[in-house]
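Here is the structure we will look at.
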There are 2 protein chains.
Amino acid sequence: MDKKDLQILALLQKNAATPLAELAQAVNLSSTPCWRRVQKLYESGVIQKQVALCDPRKLNVPVTVFVSLRAGEHSDAWMKRFVRAARDIPEIIEIYRMSGDVDYLLKVVVPDIAGYDKVYKRLIAAVDLQDVSSGFAMEVLKATTELPLDYAD
Amino acid sequence: MDKKDLQILALLQKNAATPLAELAQAVNLSSTPCWRRVQKLYESGVIQKQVALCDPRKLNVPVTVFVSLRAGEHSDAWMKRFVRAARDIPEIIEIYRMSGDVDYLLKVVVPDIAGYDKVYKRLIAAVDLQDVSSGFAMEVLKATTELPLDYAD
DNA sequence: TATGAAATCGACCGCCC
DNA sequence: GGGCGGTCGATTTCATA
């Protein structure tokens with residue numbers, strides 16, 4: 001990936017609806033070669049997809065909760081059950097297996113505290129958990145889907 | 001927002017490039033009224049924007065780190081300096097002010113551990129921090145930008 | 001082999017019903 | 001909410017360096 005590809009990515013990460021003409025102008029190319037570059041970025045999987053980002057407040061899920069938890073037991077079966085259960089809960093939008101003192105970290109979006117409690121109950125109903133601790137986001141200071149392009153080869 | 005709007009949102013959250021015709025068919029509408037609904041969703045800010053999502057591995061930032069930190073001092077000036085510094089670091093893609101024992105939670109993407117150390121150093125060079133603890137994601141089990149639509153009015 | 005110009009094709013967006 | 005038609009941008013072909 002050369003400089004032009006990275007410029008294209010920078011623009012598309014900000015706004016996937018950027019007209020091809022504008023994209024082409026930004027990288028000093030005419031639309032055809034620029035278009036082919038964009039195609040290649042999709043085909044090679046660098047760009048995974050193109051999505052609409054919604055406002056959590058407008059969808060009535062203004063509260064973000066980070067949940068740290070420790071597994072009830074450390075077996076493959078437990079993990080599978082846990083992942084299956086957590087993936088099926090739409091309020092849980094991110095799941096990470098972590099190093100260190102907590103086993104998993106979840107990012108959860110809910111309307112309010114009561115909404116979080118429902119998710120919590122649904123989770124402990126599905127699997128045994130040794131420890132669950134939740135932290136509420138008071139304020140979102142930054143939230144972007146743009147990945148840094150400084151490290152790409 | 002009625003059921004059709006939510007169906008449209010569900011599809012656009014998965015794929016913002018969905019052709020209007022397909023969208024219209026999914027909600028049993030002809031393209032014009034469907035298009036008008038989509039416009040309204042943008043204008044009303046329910047849909048904030050449309051972005052390209054990239055593969056972190058392809059961009060050489062396969063490592064996700066969650067950083068919990070406590071402020072060096074609790075003043076408005078400190079917070080402003082911190083937010084300004086952290087926002088300017090492209091590897092820091094999310095910043096939350098938290099309740100509870102940690103003051104802030106950061107989501108950071110880097111190529112490797114050494115890359116994280118650079119971000120860490122850059123951060124402590126900018127502001128005084130009382131406590132910093134980092135957790136590395138070993139595995140991403142779920143990561144979506146789709147918000148749950150169950151709570152929307 | 002990669003680019004650019006031009007023609008085609010389809011989606012989008014205004015009109016009116 | 002639906003249907004029509006113009007306009008615009010996206011995609012393909014072809015010529016070129």
Side-chain angles (χ1 to χ4, degrees), chain A residues 1-60 144-153, chain B residues 1-60 144-153:
Chain A
M1 269 186 306
D2 64 357
K3 192 171 177 178
K4 290 183 198 287
D5 284 327
L6 296 178
Q7 283 182 275
I8 291 171
L9 281 179
L11 289 168
L12 291 182
Q13 281 198 123
K14 283 188 200 303
N15 177 15
T18 310
L20 192 58
E22 192 176 320
L23 224 53
Q25 188 183 3
V27 296
N28 288 320
L29 235 50
S30 75
S31 62
T32 306
C34 182
W35 176 80
R36 271 203 283 263
R37 279 171 184 267
V38 174
Q39 290 309 100
K40 283 209 77 171
L41 289 169
Y42 275 99
E43 282 162 22
S44 64
V46 175
I47 298 177
Q48 291 179 318
K49 55 181 178 173
Q50 195 174 326
V51 301
L53 296 183
C54 295
D55 184 343
R57 297 176 50 169
K58 295 270 165 66
L59 292 180
N60 200 26
T144 183
T145 56
E146 294 172 44
L147 298 177
L149 301 173
D150 309 314
Y151 303 104
D153 359 71
Chain B
M1 269 187 302
D2 64 358
K3 194 171 177 178
K4 289 180 196 290
D5 283 326
L6 295 178
Q7 281 182 276
I8 291 171
L9 282 178
L11 288 168
L12 291 181
Q13 281 198 123
K14 282 188 200 304
N15 177 16
T18 310
L20 191 58
E22 193 175 320
L23 225 54
Q25 189 184 3
V27 297
N28 289 320
L29 235 50
S30 74
S31 63
T32 305
C34 183
W35 176 80
R36 271 201 287 259
R37 279 170 183 268
V38 174
Q39 288 310 102
K40 282 208 77 169
L41 289 169
Y42 275 99
E43 283 162 22
S44 63
V46 175
I47 298 177
Q48 290 180 319
K49 54 180 178 174
Q50 195 172 328
V51 301
L53 296 184
C54 295
D55 184 343
R57 296 177 51 171
K58 296 271 166 65
L59 293 180
N60 200 28
T144 182
T145 56
E146 293 173 44
L147 299 177
L149 301 173
D150 308 314
Y151 302 105
D153 357 71

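Order of the sequence lines fixes the chain letters, A, B, ..., with proteins taken first and strands second; residue numbering starts at 1 for each chain.
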Atom [atom1] of [X] to atom [atom2] of [N]: distance rounded to whole Å?
X	N	atom1	atom2	answer
A:Gln25	C:dG4	CD	P	13 Å
A:Glu22	D:dA10	CD	C1'	15 Å
B:Leu29	C:dC12	CG	C1'	16 Å
B:Leu23	D:dG2	CG	P	14 Å
A:Tyr42	D:dT11	OH	C1'	15 Å
B:Trp35	D:dG6	CH2	P	18 Å

- prompt: Quick one: on DNA chain C, does A:Arg37 or A:Ser31 contact a more 5' nucleotide (nearest heavy atom)?
  reply: A:Arg37
message: To the closest 0.5 Å, what do you measure between CD (A:Gln25) and CG (A:Leu20)?
response: 12.0 Å
task: Quick one: pull up NZ in B:Lys40 and CD1 in B:Ile47 and give me the separation to the nearest 0.5 Å.
output: 13.0 Å
Side chain of [X] (C-beta onward), nearest among [options]:
X	options	value
B:Gln39	D:dT11, C:dC13, D:dG2	C:dC13
A:Leu20	D:dG1, C:dC12, D:dA10	D:dA10
B:Thr32	D:dG3, D:dG1, C:dG4	D:dG3

message: Quick check on DNA chain D: between B:Cys34 and A:Thr18, whose nearest nucleotide comes earlier from the 5' end?
response: B:Cys34
query: Is the backbone of B:Ser44 close enough, under 3.5 Å, to the side chain of A:Lys58 for a donor and an acceptor to pair up by distance?
result: yes
- prompt: What residue among A:Ile8, A:Leu9, A:Asp5 forms side-chain contact (heavy atoms from CB on, under 4.5 Å) with A:Val46?
  reply: A:Leu9
